[in-house]
Student: 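I have a structure here, written as structure tokens, and I will follow up with some questions on it.
The figures here come from the full heavy-atom set of this structure, side chains too, leaving out hydrogens, waters and symmetry mates. One-based numbering along the sequence shown.
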Amino acid sequence: MFLYCASLSLGLLLAACDPRPVTPPDSPSTDNPDTAAVVRRVATFITTADNTMRFTAVGKDFAEGMNMSPEQTLTLNPNQRYQTFDGFGAAITGATAYNLKQMPADRREKLLRETFSVKDGMGYSYVRVPIGGSDFNAHSNYDYTCCDTEGIDNFALTSDELDYIIPMLHEILTINPDLKVMGTPWSCPRWMKVDDIQKKNPYNNWVGGYLNPDFYQDYATYFVRWIQAFQDAGVPVTAITVQNEPLNWGNSMSLYMPWDQERDFIKTALGPALRSAGLQTKIICFDHNYNYDNKQDQKQYPLKIYADTEAAKYIDGAAYHSYGGSPTELDVIHKAAPEKNLYFTEQSIGTWNYQSFGQSLMSEMKNTCIATVSRWCKAVIVWNFLLDDQGGPHGGAGACSTCYGAVDVSSKDYTTLNKRSHFYAIGHLSKAFKAGSTRIGTSGYLPTNVSAVAAENPDGTYGLVLLNEGNEGVSFTIEDGTRHFLITLPAQSITSCVW
């Protein structure tokens with residue numbers, strides 16, 4: 001079924017780029033009586049850096065007859081196939097879930113539908129959830145795991161999960177039943193920590209420390225019980241990462257886990273435990289920066305783990321963040337281990353990198369979105385979906401106190417929203433590339449300063465995301481082998497097309 005922008009409930013203006021009314025896909029365009037066979041079958045969505053358009057829906061026509069400008073045509077090549085996309089989205093932390101729950105129910109439903117509905121909204125389809133606490137919990141300065149009393153039999157979900165995260169995930173799953181959930185721990189329980197894995201002196205601190213090898217089996221059971229508890233609550237867990245930022249000693253909640261320790265934990269405990277429990281949840285390793293925090297002995301962390309065949313057999317792939325290094329590292333890892341998958345799982349925006357909506361929009365689309373999906377990433381997930389206007393609730397020392405959400409909500413009325421660049425950048429990916437779509441090749445003409453990524457969706461439609469970083473608008477032709485249409489990209493803009 002072809003999509004057309006009149007079906008959307010986003011309430012966006014069309015006249016900014018195309019003054020003609022949008023007609024249903026099977027109705028002929030009436031603006032040119034001599035070409036009655038021209039049919040409006042391409043939905044496009046445009047966001048501009050100057051804020052004049054924010055996910056504005058614009059209908060496009062297929063052109064009739066032969067393509068008269070092949071020298072200025074970008075052609076989709078569906079026979080040239082790459083990775084399958086699992087989805088795109090943002091993190092539902094305790095803080096995000098808390099803020100969502102404070103919103104009036106009708107306003108919350110409107111925001112979630114706009115974000116997660118495949119039919120009526122952007123179609124976000126993948127979220128990342130903390131396993132236990134993170135630096136953004138439902139209550140400020142509250143660090144926790146799901147087993148803070150020593151003994152794995154004391155495992156239990158807490159208020160953050162039961163009162164906030166799971167109820168909000170239920171609301172999202174009602175809107176998008178195919179939502180994927182990735183779980184990530186920021187720390188193991190403190191009673192499992194030691195200051196050194198050889199000396200094994202207790203380390204009763206949320207920040208840093210190592211996982212005591214004596215508790216590998218208990219910690220593996222912790223993962224199993226968390227996954228089972230979420231699934232029993234009606235929230236299937238697609239994947240887990242073993243440790244958020246394993247080379248970061250300084251987060252407000254953290255656990256230092258070098259590659260050899262993560263390898264040993266996976267192969268001796270975590271992998272066997274998930275398999276024994278009959279869980280299909282994927283195990284994803286690393287989950288940290290492209291540059292491995294400049295630790296030479298940790299370079300190519302995933303490849304070091306994959307070299308152990310016993311560990312590798314349990315691992316689906318590796319995840320990356322962008323707080324250090326370059327996405328070209330993804331090329332290195334994929335070339336060395338093409339059988340393993342890649343994921344992009346975190347980038348935050350905040351006072352340190354958010355100069356303006358437009359600047360951030362262009363940078364994120366280029367470096368966080370296009371640079372990752374064009375380098376084999378199956379998913380792109382950014383950090384907090386919703387924070388308040390104070391950047392919270394956030395943790396204490398070591399937590400980010402200057403972060404923004406993809407959306408910020410007023411802490412005075414929990415109604416007024418500020419939709420930032422992350423919201424739109426991920427939305428452009430998720431609208432064009434449905435979960436289960438496959439990236440395909442493109443060839444031919446691209447104007448200077450324009451980037452393109454294309455995919456074939458499971459329903460047979462095509463999706464195309466175009467980034468124009470230039471200061472001038474450009475026009476050229478898009479062709480899929482049988483049909484073609486003229487596209488105009490405004491200056492400094494993102495355009496998603498679906499047909």
Student: Should Glu171 and Glu109 count as side-chain neighbours, where that means a heavy-atom distance under 4.5 Å?
Tutor: no
Student: Would you name the heavy atoms of Cys188 and Trp206 that are closest together and state the gap between them?
Tutor: O-CZ3, 4.2 Å
Student: Determine whether the aromatic ring centres of residues Tyr126 and Tyr124 are separated by less than 6.0 angstrom.
Tutor: no
Student: Determine whether His394 and Ser401 satisfy the following criterion, side-chain hydrogen bond (donor to acceptor under 3.5 Å, both in side chains), listing intermediate values before the conclusion.
Tutor: CA-CA 7 Å; His394 57 74; Ser401 61; 5.1 Å; no
Student: Ignoring hydrogens and geometry, is there a side-chain-to-backbone donor-acceptor pair from Asp413 to Thr416 under 3.5 Å?
Tutor: yes
Student: So, do Phe344 and Tyr320 have ring centers that fall under 6.0 Å from each other?
Tutor: no
Student: Do His170 and Val235 have side chains that get closer than 4.5 Å, going by heavy atoms?
Tutor: yes
Student: Just do the side-chain hydrogen bond (donor to acceptor under 3.5 Å, both in side chains) check on Gln390 and Ser411 with the steps written out, would you?
Tutor: CA-CA 8 Å; Gln390 304 302 309; Ser411 58; 4.6 Å; no
Student: Looking only at heavy atoms, which two atoms of Cys147 and Pro189 are closest? And how far apart?
Tutor: O-CB, 3.4 Å
Student: Should the pair Arg128 and Tyr343 be classed as cation-pi, given the thresholds of under 6.0 Å to the six-membered ring centre and 45° from the axis?
Tutor: no
Student: Would you mind reporting whether Met182 and Val237 have side-chain heavy atoms less than 4.5 Å apart?
Tutor: no
Student: Is it true that Glu364 and Ser360 share a donor-acceptor pair across their side chains at a distance under 3.5 Å?
Tutor: yes
Student: Any Lys/Arg nitrogen of Arg375 or Asp331 sitting under 4.0 Å from an Asp/Glu carboxylate oxygen of the other?
Tutor: yes
Student: Is the Trp383 ring parallel, tilted or perpendicular to the Phe136 ring (thresholds 30°, 60°)?
Tutor: perpendicular
Student: Using ring centroids (six-membered ring only for Trp), state whether Tyr219 and Tyr222 fall under 6.0 Å.
Tutor: yes
Student: Using a 4.5 Å cut-off on heavy atoms from C-beta on, say whether the side chain of Thr415 contacts that of Pro104.
Tutor: yes
Student: Are any of the side-chain nitrogens in Lys340 or Asp316 under 4.0 Å away from the carboxylate oxygens of its partner?
Tutor: no
Student: Under 6.0 Å from the six-membered ring centre of Tyr314 and within 45° of its axis: does the NZ or CZ of Arg275 meet both?
Tutor: no
Student: Atom OG of Ser493 and atom CG of Leu467: how far apart are they, to the nearest 0.5 Å?
Tutor: 7.5 Å
Student: Could you give the distance from CD (Glu262) to CG (Asp287), rounded to the nearest 0.5 Å?
Tutor: 8.5 Å
Student: Val127 versus Phe385: any side-chain heavy-atom pair under 4.5 Å?
Tutor: no
Student: So Trp191 and Phe215, would you call those rings parallel, tilted or perpendicular, with 30° and 60° as cut-offs?
Tutor: perpendicular
Student: Check Asn244 against Thr184 and note the closest heavy-atom contact, atom names and distance.
Tutor: CB-CG2, 3.5 Å
Student: Salt bridge check: are Asp408 and Arg420 linked by an N-O gap of less than 4.0 Å?
Tutor: yes
Student: Taking atom CG of Leu464 and atom OG of Ser496, what is their separation to the nearest 0.5 Å?
Tutor: 8.0 Å
Student: Less than 4.0 angstrom from a charged side-chain N to a carboxylate O is my criterion; do Asp153 and Arg225 meet it?
Tutor: yes
Student: Is the distance between the ring centroids of Tyr292 and Tyr301 under 6.0 Å?
Tutor: no
Student: Can you tell whether the side chains of Arg190 and Asp148 come within less than 4.0 Å, N to carboxylate O?
Tutor: no
Student: Using every non-hydrogen atom in the two residues, find where Ser421 and Ile349 come nearest and quote the distance to one decimal.
Tutor: OG-CD1, 4.2 Å
Student: In Å, rounded to the nearest 0.5 Å, how long is the span from OH of Tyr144 to OG of Ser187?
Tutor: 12.0 Å
Student: For Asn457 versus Ala432, what's the shortest heavy-atom pair and its separation?
Tutor: ND2-O, 3.2 Å
Student: Can you measure from OH (Tyr142) to OG (Ser252) and round to the nearest 0.5 angstrom?
Tutor: 13.5 Å
Student: Check whether any side-chain heavy atom of Asn384 lies under 4.5 Å from a side-chain heavy atom of Val407, and answer yes or no.
Tutor: no
Student: Taking the inter-plane angle between the rings of Phe85 and Phe433 on a 0 to 90° scale, is it parallel (under 30°), tilted (30 to 60°) or perpendicular (over 60°)?
Tutor: parallel
Student: Are the aromatic rings of Tyr323 and His288 close, with centres under 6.0 Å apart?
Tutor: no
Student: Would you call Glu114-Lys419 a salt bridge at under 4.0 Å N-O?
Tutor: yes
Student: Can you see which heavy atom on Tyr306 is nearest to which on Ala312, and at what distance?
Tutor: O-CB, 3.5 Å
Student: Measuring only between side-chain heavy atoms, which start at C-beta, is Ser322 closer than 4.5 Å to Tyr290?
Tutor: yes
Student: Is the gap between the ring centers of Tyr216 and Phe265 under 6.0 Å?
Tutor: yes
Student: What do you reckon, are the aromatic ring centroids of Tyr210 and Trp249 less than 6.0 Å apart?
Tutor: yes
Student: Going by the side chain to side chain contact (heavy atoms under 4.5 Å, CB included) test, name the single residue among Asn212, Leu255, Asn204 that passes it with Lys193.
Tutor: Leu255
